[in-house]
Amino acid sequence: MIPLPYRVVHRHEETADTVTLRLEPVGEALPRWSPGQFTMVYAFGVGEIPVSISGGSGPIIQHTVRAVGAVSRAICSAPVGAVLGLRGPFGQGWPDLPPEGDVVVLAGGIGLAPLRPVILAGLADARRLVVLIGARTPADLLFTGEYDQWRAAGARVLVTVDRATGAWTGHVGVVTTLLSQVPLAVDGTGPPPSGYVCGPEIMMRLGAEALVAAGVPPQRIWVSLERNMRCGIALCGHCQLGPILVCRDGPVVDAGSASRLLQHREL
Amino acid sequence: MNTTRELIEAHPFLAGLDPSARQQLAAAGHRINFLAGAPIFAEGGRADRFWLIQDGRVRLDLHLPGTGPAIIETLTSGDVLGWSWLFPPYRWQFGATAVDPTLAVEMDGAAVRRLCDRNPALGYELMQRFMRVVVNRLQATRVRLLDLYGQP
């Protein structure tokens, strides 16, 4: 439960309010993480928030944080050399990529951050990797410097925005409309496709429905829930969502379970 | 090079339609290519056609005084472009411009309306299909109105 000190060794401003920090342990390192897990990041003297892991290797952990409150603003403003506290890694991450079948990654806004490790893992067999990215405006897109690398590795990467600004000539519309441009192998003769979805909750619900309509079996669709995680170890109950504690049983759950939980008005 | 009939038969908007109906529709359409950047129709203009996009991208836009066109939505292969030809006053509500080189089947709206008047079963079927397109775009617009990505 005691945060381990990690030093900011690199920072990259993704957008006006989102920063990617590369963190190196000052001493002891956290245990090995898996894609989809999160850590509790502590800005000393300000507070602690859960943040998904957007990358890293060995002892290095990468977090992509959007400044929306006091703690996230403090983390986002941490300069190179600053020390933050980390606990974790916590929760159930994304399931391993299936050995066969198309893989669709559907990401909205900051939801691309926890999916980035899935994409990087999928690049090992990128011929069947489809990455669909949606954001509010072109200026809100994350990891834009990597899209061409993913494409060069063989992935199909499509991007859309809700509002076109500046010289944007790309797609405009909700992210689910991109699905029609990527016919999936769903003829029943081969292995079925899988879907990995992360973004605002309504987007995830609509995204999962769109994937099912496109032929992805519901049991092969996973989403990443976001709740008010505090302790990270299923003790405090802040992140309870019906019968599950998101910090322990999530954040990644199958779309069927998520749909039932997210449509309960009482939850 | 595919014929208009082949393009119509391959277009998802008309999938499953009776072959004779597709044949009749093919007589009301022709294939057309737009260069990247070519205007397809202008806001306020007479709406007398619609297009079955086969390949390429088309943007719907709205002119904003002083700032140029605002892009409303992008349509791609498999989409239908234009429904203002269906109802009076037959005026385009938005403009449309090809973003990429675009191949489409251009349909004569008046001819299709006459076809529907003569064949109410086909008319009902087409209205259902257009309604599905309209509803899907309305739902997508509603989702965008929520400004989901703006929420923390």
Side-chain angles (χ1 to χ4, degrees), chain A residues 15 17-18 49 65-73 107-112 133-142 158-183 198-207 209-210 213 226 228, chain B residues 10-13 15 34-38 52-64 67-81 94-103 129 132-152:
Chain A
T15 71
D17 63 1
T18 304
I49 55 169
V65 188
R66 185 175 171 206
V68 292
V71 181
S72 55
R73 269 198 297 274
I110 192 75
L112 183 57
I133 300 167
R136 190 193 215 179
T137 71
D140 296 312
L141 288 163
L142 304 181
L158 301 178
V159 181
T160 186
V161 295
D162 276 2
R163 280 191 288 122
T165 53
W168 178 256
T169 57
H171 197 275
V172 178
V174 292
V175 67
T176 48
T177 59
L178 295 175
L179 264 174
S180 65
Q181 296 180 51
V182 283
C198 191
E201 285 183 350
I202 297 174
M203 188 227 89
M204 288 197 290
R205 203 178 87 200
L206 298 175
E209 288 172 6
E226 186 170 323
N228 185 17
Chain B
H11 199 280
F13 180 69
F34 296 101
L35 298 174
L52 304 171
I53 302 174
Q54 305 287 335
D55 196 22
R57 283 188 304 151
V58 174
R59 74 170 199 226
L60 290 177
D61 50 37
L62 181 67
H63 180 71
L64 300 179
T67 62
I71 302 172
I72 307 296
E73 191 168 26
T74 309
L75 304 178
T76 59
S77 57
D79 285 330
V80 180
L81 169 64
F94 301 108
T97 305
V99 180
D100 300 326
T102 298
L103 169 65
R129 290 171 186 243
R132 199 173 303 136
V133 171
V134 172
V135 167
N136 284 343
R137 291 201 198 150
L138 173 62
Q139 303 287 34
T141 303
R142 285 173 167 168
V143 170
R144 285 166 66 188
L145 281 174
L146 290 173
D147 193 19
L148 298 175
Y149 303 128
Q151 298 170 12

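So you know, we letter chains A, B, ... as the sequences are listed, proteins then strands, and number each from 1.
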I need the minimum non-hydrogen distance between [X] and [Y], along with the two atoms involved.
X: A:Leu141; Y: A:Val161; value: CD1-CG1, 4.3 Å
X: B:Ala96; Y: B:Leu81; value: CB-CD1, 4.1 Å
X: A:Val65; Y: A:Ser72; value: CG1-CB, 4.0 Å
X: A:Leu158; Y: A:Leu178; value: O-CD1, 3.6 Å

**Message:** Less than 4.5 Å to any heavy atom of chain A: does that hold for the side chain of B:Arg144, its backbone, both, or neither?
**Reply:** both
**Message:** Please classify the contact between B:Leu60 and chain A as side chain, backbone, both or neither, with a heavy-atom cut-off of under 4.5 Å.
**Reply:**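 Neither; nothing under 4.5 Å.
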**Request:** Against chain B, work out which of A:Asp162, A:Asp17, A:Val174 has the most heavy-atom pairs shorter than 4.5 Å and name it.
**Result:**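 Greatest number of close heavy-atom pairs with chain B: A:Asp162.
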**Winner by heavy-atom pair count (cut-off under 4.5 Å) against chain B, out of A:Ala164, A:Gly111, A:Gly108** =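 With the most close heavy-atom pairs to chain B, the winner is A:Gly108.
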**Message:** Looking only at side-chain N and O atoms, does A:His171 offer a donor or acceptor that is under 3.5 Å from a partner on B:Thr74?
**Reply:**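 Checked: B:Thr74/A:His171 side chains show no N/O donor-acceptor pair below 3.5 Å.
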**Request:** Tell me, for A:Ile110 versus chain B, whether the close heavy atoms (under 4.5 Å) come from the side chain, the backbone, both or neither.
**Result:** neither
